[in-house]
Every structure is written in C-alpha cells, then in structure tokens.
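What follows is a single structure, written as structure tokens, with notes after it.
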Number of protein chains: 2
Amino acid sequence: MSEFAATVIRVLPQRRHELILRTLRAEGPAGVQVLAERLGVSQATIRRDLVQLDKEGRLTRVYGGAVSAADTDDPFAEVAMVRVDEKDALAERAAELIKDGEAILLDIGTTAHRLARKLHGRSLTVITSNLMVYEELKDDQEVQIVLLGGVLRRTYHSLVGFLTEDNLRQVHADRVFLGTSGVRPGGQVMDTTAVEVPLKRAMITAADQVVLLADVGKFPGTGIARVCGPEDLDVVITNAPADETTCAALRQAEVEVIEV
Amino acid sequence: MSEFAATVIRVLPQRRHELILRTLRAEGPAGVQVLAERLGVSQATIRRDLVQLDKEGRLTRVYGGAVSAADTDDPFAEVAMVRVDEKDALAERAAELIKDGEAILLDIGTTAHRLARKLHGRSLTVITSNLMVYEELKDDQEVQIVLLGGVLRRTYHSLVGFLTEDNLRQVHADRVFLGTSGVRPGGQVMDTTAVEVPLKRAMITAADQVVLLADVGKFPGTGIARVCGPEDLDVVITNAPADETTCAALRQAEVEVIEV
DNA sequence: GGCAGATTGCGCAAAATCGTGCGCGCCTTG
DNA sequence: CAAGGCGCGCACGATTTTGCGCAATCTGCC
C-alpha cells in the first residue's frame with residue numbers, strides 16, 4: 001500500500017484513474033476513504049473521479065465507493081438493450097425459416113439469444129454453446145437441446161475452446177444462424193473476438209445452410225478477424241435500408257438477402 | 001469461514017450483498033442473526049438487505065432468514081433433502097481432498113452438486129456435465145468451469161451422449177468424484193441409469209485419482225448396470241458405520257476407505 | 001384453540017456519505 | 001510577465017444508510 005502513498009509528488013488524473021480501476025479489478029469493491037488514502041488525494045477528488053469513470057461506464061458507483069463494471073450484473077443486460085427492436089424483427093424473420101423437426105445451430109451472442117426467444121414451443125433440436133440460449137430454452141419441453149462443451153467464458157455467457165470445436169466436428173445441423181460484429185463492403189464477415197472465429201467456421205462447416213443475422217448497423221462494419229467470405233453464406237437477414245454496395249457483393253455471390 | 005468474521009471494520013453495502021449471496025449459495029439457508037454477526041452489522045440492516053435482494057430476485061426471503069434463489073424452485077430440492085446431513089458431511093470431507101489449483105471432474109447427480117457447494121471461492125478448474133454444478137458455480141469468479149458437451153437430459157439436469165464421451169477423451173483431471181446408486185458387497189460400483197455408465201467409465205479414465213462418494217445407504221446396494229470394480233477406485237468416502245464386508249473387499253483392493 | 005418465544009415491519013435519531021461552492025496553486029497561452 | 005484554465009482540497013448542507021425500540025405477526029408446541 002505504501003507503494004502508492006510514496007507517490008506524493010504528482011499523479012496525473014489519467015494515471016490515477018488507471019490505478020482506481022486496477023484496484024477495483026484486483027480487489028473488488030473499494031471505499032472512497034480507502035482510495036483517497038491510497039492515492040494520496042482528498043475524498044472529494046476521489047468522488048469526482050468516480051463520478052466521471054461511472055459516466056464513462058468504466059466502473060459502477062455504489063454508496064460508499066465503487067465496484068468494477070465487470071462485477072456488476074452481466075454486461076449483456078445493457079448490450080442486449082441496444083437495437084432491441086431491430087434484432088427482434090430479424091429474429092422473427094429468421095424463425096420463419098426454420099421448419100419443425102429441424103436441427104439448428106445457434107451462434108454465440110445476443111443475436112442468437114433473440115432468435116432463441118422466438119423458438120419456444122417449437123419442435124426442434126437446438127445445438128449451441130450459447131448459455132443464454134440454454135437458459136432461455138432449458139424449461140421448454142418441446143425443444144431438444146444439445147450443448148457443446150467448452151471452457152466457460154463468463155462475460156460472454158458462452159463456452160469456447162477446443163472441446164467446442166471437437167464437438168462441432170461430430171454434429172450436423174440443417175441450418176446455422178450466425179451473428180457478427182460487422183460485414184465489410186465486399187461481403188466479408190468479421191468478428192471482434194478472435195477466440196470465436198474458429199468456432200464460427202466450424203459451425204459453418206457443420207451446417208447445410210448458413211444464415212447470417214446482421215442489423216443495419218453492421219452494414220458496412222468491421223472487426224479484427226475475418227470469419228468467412230460471402231461464398232460461405234446462403235442467406236443474410238438484415239434491416240432495410242441495407243447498404244447497397246454490400247448487398248450487391250452478396251447477391252453477386254448468390255446469397256439471398258432478406259430485408260425486413 | 002473466518003474470512004467473514006474478520007471483516008469487522010467496514011463493508012460497502014454492495015460488498016455485503018455479495019457476501020450474503022455467497023454464504024447462501026455455499027451453505028444454504030442462513031438466519032438473520034447469523035448473517036448479522038458474521039458481517040458485523042445489526043439485524044435490522046440484514047433484514048433491509050434481504051428485502052432488497054429478494055425484490056431483485058437474487059434470493060428468496062423466508063421466515064427467519066433467506067435461501068438462495070436457485071434453491072427454491074428446484075425439482076431436485078426434495079431429492080436433495082433426503083440424507084442431506086450425511087451427504088453434506090461426505091462433501092465436506094471430499095472438498096478437503098482437493099488442493100488449490102487442481103482440476104477436478106464432477107459426476108452427474110446430487111452428490112456431486114453437494115460437493116460443488118463446498119467449492120465456492122476455491123481456486124480450481126471444475127470439469128463436469130452436471131448442470132446443477134454449473135448453476136452453482138457459474139457466478140463464482142474463482143472457479144474455472146469446463147462444461148462437457150452433450151444432449152440435455154432435463155430430468156437429471158445433465159448432459160449425456162457421445163459428445164460428452166468425446167470431450168472426456170480430450171481432457172484430464174487430477175481427481176474425479178463419483179456418485180453411485182449402490183456398491184455391492186464385493187466392491188462393484190453400480191448405477192441405475194445405463195446411459196451414464198460409459199460416461200462414468202470415461203471419467204475414471206480421464207482422472208489420476210478416483211474418489212467415490214457413497215453414503216451409508218448405498219452399502220451394500222445395487223443397480224442394473226456395473227460401472228467399475230474396486231480395482232478402479234482410489235478413495236471411497238462414506239459414513240460410519242460402513243458395511244464391514246464391503247469395506248474389507250475395498251481394502252483388499254488397496255482402496256482407501258474414509259469414514260466420516 | 002391458546003400461549004410463549006421468535007421474527008418482522010416501522011418510526012426516529014445518529015452516523016456516514018454525497019454533492020457542491022469557493023479559494024488556492026500550477027500550468028498553459030499570448 | 002500577466003491572464004485564464006484547470007485540478008485539487010476544504011467546508012457545509014442534503015441525502016442515504018444504519019442502529020435501536022416497540023407493537024403486530026408468525027411459528028412451534030401443548
């Protein structure tokens with residue numbers, strides 16, 4: 001603790017914010033008083049810092065101090081709120097593609113979760129490593145659920161890793177429904193989390209038909225890793241008005257583009 | 001456990017709520033008085049906390065205290081009530097066998113679930129296809145969870161099938177903890193559900209040490225399918241007084257028998 | 001059905017915490 | 001070198017939380 005107290009000279013606000021966040025992540029909830037002593041500034045300053053960091057969404061303010069943003073209720077609660085209407089419409093349309101008795105693969109992410117919500121009471125086999133989908137359908141007697149193994153990633157409510165890939169090589173589905181972080185103008189499907197890319201590829205291989213769900217905000221969009229090209233897709237469901245350049249590239253690759 | 005009692009100084013409300021929930025998940029129902037003493041606040045404060053947490057659906061308020069929300073609507077709640085004390089004692093003893101940092105395999109069934117309840121806050125890797133174990137530990141940051149894939153069997157809260165077996169061939173654990181429907185006098189481990197037998201065998205293969213948890217009602221006992229013989233076991237944990245014939249057979253096969 | 005003991009909800013006062021205005025010192029800018 | 005901007009500490013009223021006492025309610029038992 002004296003490693004901080006020794007820093008009496010001068011601490012940039014930026015640096016101080018980093019230290020606050022690090023403390024929170026390392027030791028969980030921390031009080032204003034503790035932080036003030038540790039960083040050698042007044043409680044008023046800490047309060048101002050906390051207000052600002054809270055506004056930036058980097059932590060969550062609580063009475064008496066603050067907690068790490070990750071520590072609060074799942075980050076999906078907020079993420080799931082943006083573009084809800086669009087995603088719901090997409091999900092509705094996607095559900096119509098599915099015939100009773102089929103086996104479908106559902107991707108990781110909130111998009112697939114939205115789709116799962118439309119599947120209650122349907123007679124289907126759902127294969128997924130998406131734990132939100134599992135939670136959604138686990139009490140639904142009609143739906144057979146196949147959960148793919150893997151290492152639990154709590155922040156993403158999913159299972160990933162080589163076990164998941166192994167399982168995917170052993171199963172086959174009529175359709176796979178994929179989400180994405182963005183589709184580039186040429187029709188390349190991108191993602192931001194590298195660990196999911198091999199999984200998405202394995203899902204594409206395991207399914208007869210590949211359906212991509214991408215709301216209009218993803219057109220055009222980007223990500224750090226390429227998942228697949230337009231030639232791997234069969235259907236893309238998006239909102240109107242979709243980006244014309246991207247749509248053209250997709251149609252060129254004989255992808256059916258559905259605008260809802 | 002004294003980790004709580006030591007916290008007499010000052011605790012953020014947020015932190016206190018976390019501790020209450022963790023206590024409930026780890027030790028089941030808790031009284032207002034106990035919680036108040038343990039957290040160093042008045043009973044009135046605990047009551048207010050419980051009311052709030054109940055309103056948020058994070059626990060269920062009962063007269064005299066509270067129980068974990070997951071514990072209430074579980075159809076296994078009844079099954080889990082029989083021989084609770086015995087199974088708890090067994091689980092407690094089994095948890096002592098585990099060292100921090102280890103990777104352990106947990107069987108399907110309520111026995112393994114009881115053990116999982118003793119693992120909150122431990123630094124471990126838990127591998128399982130037992131969904132009760134997953135529910136129990138999914139919010140515990142310390143525990144890494146590896147879920148084995150498979151077809152959801154709702155009535156047993158578990159995943160089974162060839163996917164599970166495939167995954168088991170790809171993993172290795174320091175110890176596996178098995179439950180059973182009964183142990184025959186000769187030391188043969190039995191089970192009633194045939195579909196689980198290949199899984200239990202695969203788990204035995206995947207672990208360095210095999211630990212069987214069997215309360216005294218299982219000695220001697222029976223089942224329709226044989227899982228393994230005494231030569232596959234390393235440790236058996238049971239209640240005193242255990243059946244002497246069976247114990248002798250186990251010791252003959254160099255199995256360590258722990259009576260609690 | 002009634003009784004003793006425990007538990008609960010509620011009002012109120014004390015304590016802790018919060019937000020804010022003000023002044024001071026440091027750095028930037030012209 | 002002077003003016004202005006900015007971050008920081010201090011102090012004070014407002015808000016929230018906490019602890020305690022008491023009447024109403026509930027549970028277990030005879």
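Order of the sequence lines sets the chain letters (A, B, ...), proteins ahead of strands, with each chain counted from 1. Hydrogens, waters and symmetry mates play no part in the numbers below; they use all other heavy atoms, side chains included.
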*Using a cut-off of 6.0 Å, state whether more than 12 heavy atoms not belonging to B/Arg61 lie near its atom CZ.*
yes
*Could you give the distance from CD (A/Gln52) to CZ (A/Arg48), rounded to the nearest 0.5 Å?*
11.5 Å
*Output the distance between atom NE2 (A/His120) and atom CG (A/Asp139), rounded to the nearest 0.5 Å.*
9.0 Å
*Let me know the distance between CD of A/Gln14 and P of D/dC6, rounded to the nearest Å.*
16 Å
*Closest to the A/Arg16 side chain, choosing from D/dC8, C/dG9, D/dC20*: D/dC8
_Under the criterion side chain to side chain contact (heavy atoms under 4.5 Å, CB included), I'd like the reasoning laid out for A/Thr23 against A/Arg38: C-alpha separation, chi angles, the key distance, then a yes or no._
CA-CA 10 Å; A/Thr23 302; A/Arg38 200 178 279 202; 3.5 Å; yes
*Quick one: A/Gln33 CD to C/dA15 P, roughly how many Å, whole number?*
16 Å
*Does the pair B/Glu18/B/Arg58 count as a salt bridge with the N-to-O cut at 4.0 Å?*
yes
*Measure across A/Arg184 and A/Thr246 and return the closest heavy-atom pair with its distance rounded to 0.1 Å.*
O-CG2, 3.6 Å
*Is a salt bridge present between B/Arg175 and B/Glu102, judged by a nitrogen-to-oxygen distance below 4.0 Å?*
yes
*asked:* If you take any heavy atom closer than 4.0 Å to DNA chain C, which residues from residues 43-52 of chain B end up in contact?
replied: B/Arg47
*For each nucleotide in nucleotides 22-30 of chain D, reading 5' to 3', give B when a protein heavy atom comes within less than 4.0 Å of its base, S when such contact involves only the sugar-phosphate, and - otherwise.*
----BS---
*Quick one: do A/Glu196 and A/Arg153 make a salt bridge, cutoff under 4.0 Å?*
yes
_Regarding B/Gly31, tell me which of base, sugar-phosphate or nothing describes its non-hydrogen contacts under 4.0 Å with the strands shown._
nothing
